[in-house]
Amino acid sequence: MGNNLSTVARALQSLHQNAVALAPTALHQVIAKTNPRTVATSIAALAVLWIVKDLVHDARQARRIRRQGVPEQSFRKSYWWLFGLHRYLLGHALEAKPTLVGDRRGPELMPLLHGGEGIDGWDRPGVEPLIILSRFILGAPKIVVADPRTLHSVLSANSYRFVKTPIGVRFVGMATGDAGLVVVQGDVHKRHRRIINPLFSMKTLKPLVPAMLASLDEFYALADQSTAASTPLPFHDLASDLTLNVIGRTAMNYELDALSPQGSRVSRAYRKAVDALKINMWLMLSLQFPNTFGRIPTRKMANFWREMKVVDEAIKDMLQNAAKEPDGPTLIHELLRQNAGNALSEHELMCEIRTFLAAGHETTSSALASCIVLLAQYPEIQQELVDELAAVDDLTDYDVLSKLPRLNSVINETSRLFPAVFITFRDVGKGGATVPTTALGPSVLPEGFRIEVPIRGIHCDPHIWGPDALIWNPRRWDSINLVHGLTEVPARRVVDGRRQIGQYDFMPFLAGPRACIGRQFAIMELRLFIAGIVKRYKLSTDVPIGGEELQCAITMRMMNAWVRFARRDVG
């Protein structure tokens with residue numbers, strides 16, 4: 001197959017070179033006198049050339065990886081109408097299990113990564129590969145990795161050798177801007193992180209607790225209006241509004257008023273913009289081919305940029321107002337203080353505020369909605385948390401709240417089973433890279449090669465978490481040791497009755513220099529809001545255990561978090 005593709009590619013390449021050799025004026029004359037059908041045929045030939053070139057390149061890369069002993073996800077079906085070329089044209093896109101995308105992809109990948117049925121080229125019984133070759137559409141190869149040694153190299157030890165994927169940067173950058181911490185690379189990322197890191201120290205965050213609790217009071221007022229009829233509330237939406245208000249007050253020094261029906265002009269614009277970013281085929285084509293499909297104007301994208309212009313104008317005003325209060329307490333004030341030497345330009349500062357707005361509330365709202373639904377589904381765990389919180393009289397005493405074991409275990413277990421960031425990708429940077437693996441030794445990866453890290457799959461792996469890995473059970477954390485220096489697959493997972501969990505077994509905030517910088521901010525919100533809501537309300541839901549509807553886009557979030565909030569101090 002590879003030789004045939006090479007022959008065709010060389011022939012088409014020769015035609016292409018001859019066409020390019022024509023002088024521009026002569027080419028213009030030729031096109032002017034050429035039949036439109038001939039022009040269309042030529043364009044089609046060039047398109048075929050491009051596709052064949054990619055197919056040949058990808059087939060060679062896949063062979064190099066296979067020759068190093070990496071097994072490949074097998075193809076369960078062949079498609080007669082593709083004449084046996086489905087490996088090269090569709091990859092694993094039509095495989096029913098594991099699916100190409102979605103919340104089940106991670107857990108369904110784990111048996112393959114452990115050397116079970118469904119992979120080709122692995123003949124070492126008792127040894128787990130923890131790395132497999134898989135294919136995108138057009139046969140583009142990638143490796144799926146759950147090996148702690150490899151993950152340590154990719155995410156921590158050599159993190160800047162492995163870059164964010166172009167399509168991911170373009171997608172996330174639409175919300176955060178093209179110069180925010182989440183999307184910048186290399187030395188630029190180091191510069192941004194150096195400026196922003198002090199914003200999320202506990203010294204900066206603790207004074208923000210009253211502003212967070214003020215937003216929680218607004219939720220109380222809304223929930224209290226609905227408890228008389230025991231009406232389920234859409235907490236999947238309310239959690240997003242609640243955390244959006246928090247970001248407005250604590251990070252932007254601005255009242256977004258998201259919990260009110262009308263909201264502020266900025267919150268309305270931001271909601272409309274986010275709605276335009278829902279995943280669809282046209283958006284994916286626009287991101288994959290920004291210079292062709294991406295240049296075609298659509299009403300949805302026009303609406304998106306119009307609404308983001310409203311947000312950007314407001315952010316400019318926020319920065320100007322913050323500059324007038326050099327001693328202000330919010331994150332935007334601290335950002336300007338840390339940037340006293342103007343290491344970040346005005347455009348970069350705007351992108352960082354957009355990043356606070358986008359990344360700072362979406363992941364936390366997803367985790368909060370999941371926690372509240374799960375507590376409503378498991379009344380015995382809810383009661384354990386109520387009993388623990390009985391000794392907490394003042395939520396503003398964050399030092400006490402941060403040490404409550406059941407509260408922390410509820411957050412950890414929810415972050416394990418329903419991580420907001422459920423998957424991540426990296427591309428091998430310039431010059432390629434060599435990564436260590438547990439089963440195969442050093443593996444050489446070419447420049448541009450893609451790596452998939454199935455975070456939710458690792459979090460649901462029975463080999464790591466035990467046979468009940470797919471069950472939400474906060475009590476498991478009563479006998480877990482988090483061993484942050486553990487980068488090897490331990491021979492014994494359970495030592496003296498306690499399960500050993502390494503740094504790359506539990507990654508709700510990723511790991512290494514590109515780990516979520518707002519981790520402490522997110523955990524603070526979760527502790528305050530879960531504690532406050534459970535102390536005030538008895539939670540119940542009609543959503544059955546296992547009946548959660550999960551939407552996977554930039555984050556994974558529940559879309560049917562309907563919960564009843566009944567006041568505990570009434571009747």
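Computed from a predicted structure; not experimentally measured.
In this structure the side chain of Tyr270 reaches within 4.5 angstrom of the side chain of Leu244, judged on heavy atoms. Taking 4.5 Å as the limit, every side-chain heavy atom of Asn253 sits out of range of all side-chain heavy atoms of Met318. Counting only heavy atoms from C-beta outward, the side chains of Pro148 and Val489 approach each other to under 4.5 Å. Looking only at side-chain heavy atoms (C-beta outward), Leu205 and Leu208 come within less than 4.5 Å of each other. For the pair Ser260 and Gln262, the minimum side-chain heavy-atom distance is below 4.5 Å. Considering only heavy atoms from C-beta on, Gln500 stays 4.5 Å or farther from Asp505 through its side chain. In this structure, the side chains of Arg499 and Asn481 stay at 4.5 Å or more apart for every pair of heavy atoms. Side-chain contact between Val421 and Phe509 is absent, with no heavy atoms from C-beta onward closer than 4.5 Å.
The minimum heavy-atom distance linking Gly106 with Pro454 is given by the pair CA-CB, 4.3 Å. Tyr254 and Ser264 get closest at one heavy-atom pair: CE2-OG, 4.1 Å. Nearest heavy atom pair, residue Asp103 against residue Met556, reads CB-SD, 3.7 Å. Residues Ser402 and Arg527 approach most closely at CB-NH1, 3.4 Å, considering heavy atoms. Taking each heavy atom of Val184 and Arg514 in turn, the nearest pair found is O-NH1, 2.7 Å. For Ala358 against Thr176, the heavy-atom pair with the smallest separation is CB-CG2, 4.0 Å.
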Yes or no on side chain to side chain contact (heavy atoms under 4.5 Å, CB included) for Cys552 and Phe422, after CA distance, side-chain angles and deciding distance? CA-CA 8 Å; Cys552 296; Phe422 64 102; 3.5 Å; yes
Side chain to side chain contact (heavy atoms under 4.5 Å, CB included), that's the test. Do Leu233 and Val563 meet it? Break it down for me. CA-CA 5 Å; Leu233 298 179; Val563 179; 6.0 Å; no
Please report the C-alpha distance between Phe565 and Tyr220 in whole Å, then the side-chain angles of each, then the deciding distance to 0.1 Å, and finally whether the ring-ring contact (aromatic ring centres under 6.0 Å, His included) criterion is met. CA-CA 10 Å; Phe565 297 83; Tyr220 290 161; 9.7 Å; no
Check against side-chain hydrogen bond (donor to acceptor under 3.5 Å, both in side chains), Thr541 and Arg564: CA-CA 6 Å; Thr541 183; Arg564 296 183 185 86; over 6 Å; no
Please evaluate residues Ser366 and Thr363 with respect to the criterion side-chain hydrogen bond (donor to acceptor under 3.5 Å, both in side chains), reporting the C-alpha separation (whole Å), side-chain torsions for both, the decisive distance (0.1 Å), and the verdict. CA-CA 5 Å; Ser366 301; Thr363 54; over 6 Å; no
Carefully, step by step, assess Arg475 and Ile381 under the rule side chain to side chain contact (heavy atoms under 4.5 Å, CB included). CA-CA 9 Å; Arg475 296 186 184 115; Ile381 300 294; 3.7 Å; yes
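From Ile195, atom CD1 reaches atom CZ of Arg337 across 13.5 Å, with rounding to the nearest 0.5 Å. Interatomic distance, CG of Leu375 versus OH of Tyr537, reported as 15.5 Å (0.5 Å rounding). Expressed to the nearest 0.5 Å, how far CD of Glu452 lies from CD1 of Ile423 amounts to 3.5 Å. One finds the CG atom of Asp542 at 10.5 Å from the CD atom of Gln377 (value rounded to the nearest 0.5 Å). With rounding to the nearest 0.5 Å, the separation of CG in Leu216 from CD1 in Ile533 is 6.0 Å. Taking CG of Leu151 as the reference point, atom OG1 of Thr487 lies at 10.5 Å (rounded to 0.5 Å).
No side-chain donor from either of Glu548 and Asn560 sits under 3.5 Å from a side-chain acceptor of the other. For the residue pair Ser409 / Asn412, no side-chain donor-acceptor distance below 3.5 Å is found, with atom types taken as modelled. Side-chain polar atoms of Arg306 and Asn303 form a donor-acceptor pair below 3.5 angstrom. A side-chain N or O of Thr330 and one of His333 form a donor-acceptor pair less than 3.5 Å apart. For the residue pair Ser153 and Thr150, no side-chain donor N or O sits within less than 3.5 Å of a side-chain acceptor on the partner.
Without hydrogens or angle criteria, Thr204 side chain to Phe200 main chain gives no donor-acceptor distance under 3.5 Å. A donor-acceptor contact shorter than 3.5 Å links the side chain of Ser201 to the backbone of Pro198. A donor-acceptor contact shorter than 3.5 Å is absent between the side chain of Arg456 and the backbone of Arg105. Looking at Arg568, its side chain does come within 3.5 Å of a backbone N or O of Val534 through a donor-acceptor pair.
With respect to the salt-bridge test (charged N to carboxylate O, under 4.0 angstrom), the residues Asp187 and Lys190 qualify. With respect to the salt-bridge test (charged N to carboxylate O, under 4.0 angstrom), the residues Arg536 and Asp217 do not qualify. Under 4.0 Å is where a charged nitrogen must lie from a carboxylate oxygen, and between Arg406 and Asp387 no such pair does. The existence of a salt bridge linking Arg271 and Asp237 is excluded, since no basic side-chain nitrogen approaches an acidic carboxylate oxygen closer than 4.0 Å. Salt bridge absent: Lys535 and Glu388 never bring a charged side-chain N and a carboxylate O closer than 4.0 Å. Salt bridge annotation for Glu413-Arg416: present, with a cationic side-chain nitrogen under 4.0 angstrom from a carboxylate oxygen. Remark: Arg265 does not engage Glu307 in a salt bridge, criterion side-chain N to carboxylate O under 4.0 Å. Taking the charged nitrogens against the carboxylate oxygens, Glu362 and Arg557 do have a contact shorter than 4.0 Å, which makes a salt bridge.
Ring-plane geometry between Tyr504 and His152 is classed as perpendicular, the angle between the planes exceeding 60 degrees on a 0 to 90 degree scale with a lower cut at 30. Tyr378 and Trp472 have tilted rings, their planes meeting at an angle from 30° to 60° on a 0 to 90° scale. Between Trp562 and His236, the angle of the ring planes goes over 60°, which puts this pair in the perpendicular group of the 30/60° scheme.
Ring centers of Phe219 and Phe235: under 6.0 Å apart, within the cut-off.
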Output a table of donor-acceptor pairs, distance under 3.5 Å, between side-chain atoms of residues 159-169 and any protein atom two or more places apart or on a different chain; print 'none' if there are none.
| from | atom 1 | to | atom 2 | distance (Å) |
| --- | --- | --- | --- | --- |
| Tyr160 | OH | His189 | ND1 | 2.8 |
| Arg161 | NH2 | Gly432 | O | 2.4 |
| Lys164 | NZ | Val182 | O | 2.8 |
| Thr165 | OG1 | Gly168 | N | 3.3 |

Donor-acceptor contacts, no H, no angles, side chain residues 341-349, under 3.5 Å, sequence neighbours left out:
| from | atom 1 | to | atom 2 | distance (Å) |
| --- | --- | --- | --- | --- |
| Ser345 | OG | Glu348 | N | 3.2 |
| Ser345 | OG | Glu348 | OE1 | 3.4 |
| His347 | NE2 | Asp178 | OD1 | 2.7 |
| Glu348 | OE1 | Arg191 | NH1 | 3.2 |
| Glu348 | OE1 | Ser345 | N | 2.8 |
| Glu348 | OE2 | Arg191 | NH1 | 3.3 |
| Glu348 | OE2 | Arg191 | NH2 | 3.0 |
| Glu348 | OE2 | His192 | NE2 | 3.1 |

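Within 6.0 Å of atom CG in Asp496, 12 or fewer heavy atoms from other residues, nucleotides or ligands are found, so the atom counts as exposed in its surroundings.
Judged as a side-chain contact (heavy atoms from CB on, under 4.5 Å), and not counting sequence neighbours, the contacts of Val392 are Leu389, Leu395, Val400, Leu401, Leu404.
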